[in-house]
There are 2 protein chains.
Amino acid sequence: MNPKHPVPERLLSAAGDLFARHGFDAASVRQITSRAKANLGAITYHFGSKEALFHAVLDRVGARMSDRFVAIAAERGTPLERIGRIVTMVLTEDNLPAPTLILRELANDRPLPPPLVLHMRRNFGAMIALIRDGQRDGTIRDGDPPLLAMSVMAQPFLMRIASRIPRDIAGVDGSDPDTRRRLVKHVVTTITRSLATTPGDRP
Amino acid sequence: MNPKHPVPERLLSAAGDLFARHGFDAASVRQITSRAKANLGAITYHFGSKEALFHAVLDRVGARMSDRFVAIAAERGTPLERIGRIVTMVLTEDNLPAPTLILRELANDRPLPPPLVLHMRRNFGAMIALIRDGQRDGTIRDGDPPLLAMSVMAQPFLMRIASRIPRDIAGVDGSDPDTRRRLVKHVVTTITRSLATTPGDRP
DNA sequence: GCCGTATTCATACAAACGTATGAACCCAAA
DNA sequence: TTTGGGTTCATACGTTTGTATGAATACGGC
């Protein structure tokens, strides 16, 4: 944790990582402040409480992801191409704790924290708009856009956190760069196939 | 919690539900024993520790799911049909905490508990075998079977825990039976489309 | 009826948790 | 150089955590 950065920033970084890796309850205030090279009281002082820090973290990492999201959605290219680029981004971007944090929150039965709802609405909005565009110009098949958007996001989100599946379950090295490239390509192909009106394998 | 059942059984049930809903750390021993109508010391007495109970839970719910899994895989029908039935089962089966528990464990960076690894290997083994069958008879497209298996499982697993997405994000009522039926149909269609050699939309 | 093992129960314990407190420290403005 | 607000620091507090303890109770074999 670079001590040149201001303390609140360091706390957000450390907390983002630890909340993603261990969950809200298992990541203790002492662990977070120690990794951020800050005093035990720093969280209370700068954010008010552990939960307030958590919400600030969700806001930050959620914003980071949805910014990348809508930026790609606004690029050039067919809707399917841009969807593929978003999927690739979710799978390859470094320091992207958002998917893990979001999945953790979804697994809980308590309501989603407000900042998270906001950013997820932004993500889904962008994805749904892309799908509607594709349906309008005939390159994306019919179907309920929100449902299609969920189907599209499910794979990269899950694959992102399931890097241990290849290793522990299938006995493959998930950290090998070549394996990762194949995985990204596979996911993009699979999603494209499930969305496209004219699958690429047609002669 | 039916008091006619034996105590260890009641503890497993209560713990399965609470671990899935709140996570390992947030589900306290007092909460679990109280819901199981058992004494505070019951977990220590019958299982040895909270973590041992957790592993027993994973073993039980993992076995329940992988039993259903391989049973469907052994039924009649084309590989694609059976995959569709598995997906439907994961999405609709009541009292199936396994997907939530598995996703929670995947989000952690600690190694997967051994009993879970065992059952997931069984699930993936069955799914991979189905995919290989389909590839052999030409009904499922080419592609790395383990990767295809992960793609197939990603959607129902995530949709299962993401029932709040329709409500909180998209503003739809996810508990409405008709909405749920549409969701299941959508997921099966999407997965079939991404796997099949000859998409159904071809004239 | 009595014994002996198995289970339940109330209570105790040390450790870890999130937060509160007040003194110490820093550093720009006066 | 002194002042004062912002920040850091060590420490303490009350709770809650998982587990240990030993007495009380339940219950089948004799």
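The analysis underlying the following values was restricted to heavy atoms, covering all of them including side chains, and did not include hydrogens, waters or symmetry mates. No experiment lies behind these values; they were computed from the predicted model shown. Quick note on labels: first sequence line is chain A, next is B, and so on, each numbered from 1.
As a whole-Å value, the separation of B:Phe47 CZ from C:dA6 P is 17 Å. D:dT16 atom P lies 17 Å from atom CD1 of B:Ile32, rounded to whole Å. When rounded to the nearest whole Å, the span between OH of A:Tyr45 and P of D:dT8 equals 7 Å.
For the residue pair A:Ala38 and A:Leu11, the shortest heavy atom distance occurs at CB-CD2, 4.2 Å.
To the nearest 0.5 Å, atom CZ of residue B:Arg104 and atom CG of residue B:Leu58 are 12.0 Å apart.
For the salt bridge (charged side-chain N to carboxylate O under 4.0 Å, His left out) test, no residue two or more places apart in sequence or in another chain qualifies with B:Arg64.
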*Sugar-phosphate or base contact per nucleotide [nucleotides 10-24 of chain C; S, B, -; heavy atom under 4.0 Å]*: BBB----BBBS----

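Side chain of B:Lys50 to backbone of B:Ala27: a donor-acceptor contact under 3.5 angstrom is found.
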Kindly list each side-chain donor-acceptor pair under 3.5 angstrom involving residues 82-89 of chain A, sequence neighbours excluded, with atom names and distances?
{"unit_1": "A:Arg82", "atom_1": "NE", "unit_2": "A:Gly77", "atom_2": "O", "d": "3.0"}
{"unit_1": "A:Arg82", "atom_1": "NH1", "unit_2": "A:Ala73", "atom_2": "O", "d": "2.8"}
{"unit_1": "A:Arg82", "atom_1": "NH2", "unit_2": "A:Gly77", "atom_2": "O", "d": "3.1"}
{"unit_1": "A:Arg85", "atom_1": "NH1", "unit_2": "A:Glu75", "atom_2": "OE1", "d": "2.4"}
{"unit_1": "A:Arg85", "atom_1": "NH1", "unit_2": "A:Arg76", "atom_2": "O", "d": "3.2"}
{"unit_1": "A:Arg85", "atom_1": "NH2", "unit_2": "A:Arg76", "atom_2": "O", "d": "3.0"}
{"unit_1": "A:Thr88", "atom_1": "OG1", "unit_2": "A:Gly84", "atom_2": "O", "d": "2.8"}

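In summary, B:Arg60 and B:Glu9 engage in a salt bridge, as defined by a charged side-chain N under 4.0 Å from a carboxylate O.
A close approach under 4.0 Å does not occur between any side-chain nitrogen or oxygen of A:His46 and OP1 or OP2 of D:dG6.
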